[in-house]
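Below is one structure, written out as structure tokens, with a few remarks after it.
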Amino acid sequence: MRVILLGAPGSGKGTLGERISRATGFPRISTGDLLRKAVREGTPVGRKAEAVMKAGGLVDDATVTGLVRDRIAAPDCLGGYILDGFPRTVAQAEAVEAIDPARPEVVLDLLVSEDVIVARLDGRRICEACGDVYHIVNKPPKPPSVCDACGGDLVQRPDDAAATVRERLRVYREATAPLQARYRAKGTYRPVDGDGFPEDVYSRAAGVLAGEGCRL
Ligand SMILES: [Zn+2]
């Protein structure tokens, strides 16, 4: 089984991917992780990608697809794998299908309303000193604006401010619409309600996967 995870920033896609990975034994493949690993190890692809990212650019399709091709060929992917953050474009979707054409596919699209995502991200506060993450409603620090763990100052990342989040979501929706349309037409598209507790979201996703014959 190839499980493809779609979901906006703040949708909880990473958390869901980890849970599905634990339940199925399928590795979760994140292209962000693959790129960081290639950079860390100083491979030819990693050195090229590092130069592009340092210049503020996006790593090209062929490079990312090459990393995914090598990762999918590893023995731990034989029984199945989860793609998180890839494909992002129809061209990348076609590339995955060309690399591994016989694999049954399920596309889980984690749907969370824009207001819920804005509330999740806008309320997030991060400790400048130790990196601990708080939330003004869901996980408030005891004294306001101070880290419980180390006493450091808590700040909001500029990316998490409401106006920025709405803009990021708009960009995400525009970029993802062609992919959603493609998978709908192909018959592998499965929307999943991403509102509520992570346990409930996981149960819904697990129900969909079980319906596709996936053992959890
Ligand atoms: Zn701290």
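Counting starts at 1 for both ligands and their atoms, in listed order. None of the values given here were measured: they were computed from a predicted structure.
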Those residues that, when tested against Glu128, pass side-chain contact (heavy atoms from CB on, under 4.5 Å) (two or more places apart): Asp153, Val155
Partner residues of Ser21 under the side-chain contact (heavy atoms from CB on, under 4.5 Å) criterion, sequence neighbours left out: Arg28, Ile82
Protein N, O or S atoms under 2.8 Å from the Zn ion (ligand 1): 4
cation_pi(Arg125, Tyr134) dist<6.0 Å, angle<=45: no
Heavy atoms of other groups near Lys186 NZ, more than 12 under 6.0 Å: yes
Residue Arg182 excluded, over 12 heavy atoms near CZ under 6.0 Å: yes
Residues forming a salt bridge (Lys or Arg N to Asp or Glu O under 4.0 Å) with Glu114, sequence neighbours excluded: Arg166, Arg173
